[in-house]
Amino acid sequence: MLDLKWIRENPEAFDAAMQRRGLPPQSEDLLKVDAYRRSVQTEMQELQARRNAAAKEIGKVKASGGDADALIREVADLKDEAQRNTELERELQETLDAKLSVLPNILADDVPEGESEEQNVELRRIGDIPTFDFKPKEHYELGEALGLMDFETAAKLSGSRFVVTSGQIARLERALAAFMVDVHTLEKGYLEVSPPVMVRGSSLFGTGQLPKFEEDLYKTGEDQYMIPTAEVPLTNLVRESILGEDELPKRLTAHTLCFRSEAGSAGKDTAGMLRQHQFAKVEMVSITTPEKSAEEHERMTACAEDILKRLGLAYRVVVLCSGDTGFGARKTYDIEVWLPGQNTYREISSCSNCGDFQARRMKARYRPEGEKGTSFVHTLNGSGLAVGRTLIAVMENYQQADGSIKIPEALVPYMGGMTEIRAK
RNA sequence: GGAGGGUUGGCAGAGCGGUUGAAUGCACUGGUCUUGAAAACCAGCAAGGGUGCAAGCCCUUCCGGGGUUCGAAUCCCCGACCCUCCGCCA
């Protein structure tokens with residue numbers, strides 16, 4: 001949510017910011033409603049003040065045994081007027097909220113201009129792309145040949161975009177998640193959290209998935225949804241709270257399942273387990289001060305990168321351009337891992353600095369040391385990493401000519417000492 | 001699912017329908033004292049919003065929404081959540 005006061009004071013900057021998002025200028029429309037709302041509010045407050053004063057007066061008169069009838073009649077009139085005013089004010093407030101809640105975050109100054117992912121800017125490539133003296137297969141070919149990955153049965157059970165893994169592939173996925181969480185908690189200072197994977201609408205509003213992106217979510221009840229990412233419960237952990245500056249930064253990580261309806265991506269990545277309705281992800285969330293959030297963004301991205309480095313996977317980091325940056329983010333780094341089977345880089349992590357955008361929506365504040373009052377915290381989130389996609393990457397990058405898969409060294413302890421997966 | 005109890009400021013915890021935005025304690029901030037610190041003592045300390053150059057003034061908020069009343073944290077109704085007991089159950 002954007003700061004209306006800021007829009008009021010910087011209408012041109014606001015319109016320019018929206019233009020970067022491909023949206024028409026709308027400060028005029030917004031501020032018109034805002035000005036009207038405030039005039040109604042001021043009027044209402046004056047009525048209220050008069051009513052309060054009269055009510056107190058009545059109390060005094062009555063206490064001293066006087067006759068307060070005239071005053072009582074006057075207040076009754078004020079009340080009707082105030083009622084109508086309140087109604088109008090509420091309508092205007094709702095209009096304003098509806099408009100504000102679908103406006104995307106203001107992009108950071110250093111986000112490159114561009115319309116689509118084509119204009120994302122590559123920042124660095126790390127690791128050596130592996131070479132094969134045979135044609136590398138895609139993960140699902142490998143998995144099916146091993147008899148440990150079954151899409152047809154999954155479709156029978158659940159429909160398209162599901163998979164059943166088994167045996168050492170299932171174990172490998174579990175090992176990956178455990179490895180990631182261990183690195184983040186034992187080495188990077190994140191607190192492991194096991195949050196609910198079903199949340200209320202208000203939580204989704206807080207992180208920005210609602211009201212705009214409801215069709216991407218699975219709804220399980222009147223006001224209950226499956227989470228599309230653990231960013232939602234983790235970030236909402238601080239909703240409606242006022243933290244001490246000494247509690248920041250808060251670094252949280254969780255290994256959870258995520259659920260996405262993938263509405264609108266029909267026909268995209270239909271083969272294999274690249275794009276599923278249900279997938280595992282290790283998520284990182286940081287709650288920081290405004291001064292520290294940019295630095296924290298780099299740190300978080302480095303934490304995600306470190307997982308790839310330790311798995312010996314080649315990757316590149318891109319900064320998303322203005323047209324590709326998500327609704328709630330000021331700036332986003334995508335990490336793309338090399339997939340030999342596809343002969344290309346594919347997204348495996350996305351690290352975003354949301355600034356105070358989510359904090360404003362969920363009223364998450366802190367007390368800056370040495371200052372009076374409170375400020376909104378900054379929130380960041382990043383995958384560290386998408387577990388299913390990491391499984392894909394390991395399978396494809398560590399495949400051997402006979403269809404077996406070597407286990408990356410870092411994972412061997414998590415695989416009970418096993419060094420490769422091969423068909424029996 | 002059935003019965004009852006609860007939800008008050010950063011936390012704990014009072015609160016008769018009428019100057020209660022809310023006692024008290026803790027925490028926090030400033031000061032006195034001290035070589036320094038601790039302790040003790042004194043003082044300050046809710047959030048959001050409107051208006052104003054400013055000082056300030058005003059409004060809202062005691063889980064949320066309705067209602068009663070001249071006036072509600074206090075009374076009534078609905079909802080959410082929490083707790084206890086019973087039933088069912090992974």
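In what follows, chains are A, B, ... by sequence order, proteins preceding strands, each numbered from 1.
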Peer 1: May I ask you to verify if any side-chain N or O of A:Arg38 is less than 4.0 angstrom from the OP1 or OP2 atom of B:G52?
Peer 2: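 Looking at the OP1 and OP2 atoms of B:G52, neither is under 4.0 Å from any side-chain N or O of A:Arg38.
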Peer 1: If the C1' atom of B:C78 is compared with that of B:C26, how far apart are they to the nearest Å?
Peer 2: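 Per the computed distance, 37 Å lies between those C1' atoms.
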Peer 1: In whole Å, what separates the P atom of B:U7 from that of B:G13?
Peer 2: 10 Å
Peer 1: Check every strand shown and say whether A:Arg8 touches a base, only sugar-phosphate, or nothing at a heavy-atom separation below 4.0 Å.
Peer 2: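 Since only primed, P, OP1 and OP2 atoms lie under 4.0 Å of A:Arg8, the category is sugar-phosphate.
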Peer 1: If only side-chain N and O atoms of A:Gln48 are considered, is one of them under 4.0 Å from the OP1 or OP2 phosphate oxygen of B:U60?
Peer 2: yes
Peer 1: Distance between the C1' atoms of B:C70 and B:G65, in whole angstroms?
Peer 2: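 To the nearest whole Å, 24 Å.
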Peer 1: Give me each pair satisfying side chain to side chain donor-acceptor pair (under 3.5 Å) with a member in residues 166-179 of chain A, each pair once, sequence neighbours excluded.
Peer 2: none
Peer 1: Identify, residue by residue, the members of residues 91-100 of chain A with a heavy atom below 4.0 Å from RNA chain B, and return them in order of residue number, or none.
Peer 2: none
Peer 1: Give me the distance, rounded to whole Å, that separates B:U8 from B:A23 when you measure between the P atoms they each carry.
Peer 2: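 Approximately 15 Å lies between the P atom of B:U8 and that of B:A23.
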Peer 1: If you find the nucleotide of RNA chain B closest to A:Gln41 and the one closest to A:Ala55, which residue's nucleotide is nearer the 5' end?
Peer 2: A:Ala55
Peer 1: B:U60 phosphate, OP1 or OP2: any side-chain N/O from A:Asn52 under 4.0 angstrom?
Peer 2: yes
Peer 1: Using a cut-off of 4.0 Å on non-hydrogen atoms, how would the nucleic acid contact of A:Thr374 be classed: base, sugar-phosphate, or nothing?
Peer 2: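 Sugar-phosphate contact only.
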Peer 1: A:Lys331: which residues meet the salt bridge (Lys or Arg N to Asp or Glu O under 4.0 Å) condition with it, sequence neighbours left out?
Peer 2: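 Residues passing salt bridge (Lys or Arg N to Asp or Glu O under 4.0 Å) with A:Lys331: A:Asp110.
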Peer 1: Would you tell me if any nitrogen or oxygen in the side chain of A:Arg367 comes within less than 4.0 Å of OP1 or OP2 on B:A47?
Peer 2: yes
Peer 1: Taking A:Thr379 as the fixed residue, which of A:Glu296, A:Lys250, A:Gln358, A:Arg361 is the one that meets the side-chain hydrogen bond (donor to acceptor under 3.5 Å, both in side chains) rule?
Peer 2: A:Gln358
Peer 1: Using the P atoms only, state how far B:C62 lies from B:U74, rounded to an integer number of Å.
Peer 2: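 After rounding to an integer number of Å, I get 8 Å for this pair.
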Peer 1: Taking only the C1' atom of each, what is the distance from B:U51 to B:C41 in whole angstrom?
Peer 2: 41 Å
